[in-house]
Amino acid sequence: MTMMKAFNIILPGLIAAVLASCSKDPGAAGPGVHFRISSDPAITDAVKSDLSSYTDIPDASLFTITISHDGKAIWSGLLPDWKPRTKLPSDTCLVTAVYTSSAEGPGMPNLYGEKKFYVSGFDTTVVEINASLSNCIVKMDYTENFLNYFKSYTSVITTGAGNSFTFDKDHDTPVFIDAYRFSCSCTMVNQGGSTFQAGPVQYSDLKAGTCYTLKLDASNVGSLDPEIIITFDEHIDTVDLGILDIN
């Protein structure tokens, strides 16, 4: 296996879910501290998209907020349970907003944001929280050359947490995983019925808020020295399949 720098980046990007307070009218908001969460998720990458392309955006009522003062939590609960007139220290506090999925997998985003704010008596305080994806996304892609020469294929992603996810022509939903590491292996059957194995190939140092695409391509098809090329983020991995007839 050889590795070299790719000349392009396959769908990296930071996925930001902006959680903002809605009311700017003190009269409408009433006295106290208000945390009102709305979502405006955007993904910045080669093709403009947003988090809703990969999963349903969690409702604001599902976020847990925690308020801390001097490093100690003084209130925690779901956003709808917060009472704006709850007494807080007349000092700088920190609020975090968290949405955590129960596991890795399709439609399992984790969102996190925090904001320092100052409380002054019972004046109206409106706090804006910016949150971002704290896990990452992995998806599969296959070149036309690859699809032309393999009548069936199964790719398996195994995460650092030990969870495995299978991708094939009928199952291609991107998965949310911990931003840690994973491995990829692929089993392919060519038009003549011969089976080939590629991987596992290891990937680590993943970044939160990033969508990674593994793009598989077939090289030297028809020769005695076929290869599978896996493009991942900024790197290209070439997987030698051995001295096989891939026709």
Would you say Y112 and L94 are hydrophobically clustered, going by side-chain heavy atoms of ILVMFWY under 4.5 Å?
no
Hits for side-chain contact (heavy atoms from CB on, under 4.5 Å) against D81, two or more places apart or cross-chain, chain-then-number order -> W75, L78
S102 meets the side-chain contact (heavy atoms from CB on, under 4.5 Å) criterion, sequence neighbours left out, with M108
Those residues at least two apart in sequence (or on a different chain) that pass ring-ring contact (aromatic ring centres under 6.0 Å, His included) with Y153 are Y142, F146
* To do: Could you tell me whether the side chain of N145 and the main chain of A218 form a donor-acceptor pair under 3.5 Å?
  => yes
Could you give the side-chain donor-acceptor pairs of residues 179-186 under 3.5 Å, partners two or more places apart or in another chain?
none

Quick check: do Y54 and T173 have side-chain heavy atoms less than 4.5 Å from each other? no
Taken in chain and number order and not counting sequence neighbours, the residues that satisfy side-chain hydrogen bond (donor to acceptor under 3.5 Å, both in side chains) with D91 are H69
Residue set satisfying side-chain contact (heavy atoms from CB on, under 4.5 Å) with K83, at least two apart, ordered chain then number -> T86
Residue set satisfying side-chain hydrogen bond (donor to acceptor under 3.5 Å, both in side chains) with D172, at least two apart, ordered chain then number -> none
Sorted by chain and number, sequence neighbours left out, side-chain contact (heavy atoms from CB on, under 4.5 Å) with P109 holds for T55, Y99, S101, L133, F176
For T187, the side-chain hydrogen bond (donor to acceptor under 3.5 Å, both in side chains) test, sequence neighbours excluded, returns Q197
Of all heavy-atom pairs linking I177 and N135, the shortest is O-CB, 3.0 Å
Ignoring hydrogens and geometry, is there a side-chain-to-backbone donor-acceptor pair from N190 to G193 under 3.5 Å?
yes
Query - ILVMFWY network linking I74 to Y118, side-chain heavy atoms under 4.5 angstrom - result: no
- Given L216 and M140, is the side chain to side chain contact (heavy atoms under 4.5 Å, CB included) satisfied, shown in steps? CA-CA 8 Å; L216 274 65; M140 302 296 300; 3.6 Å; yes
T159 meets the side-chain hydrogen bond (donor to acceptor under 3.5 Å, both in side chains) criterion, sequence neighbours left out, with E104
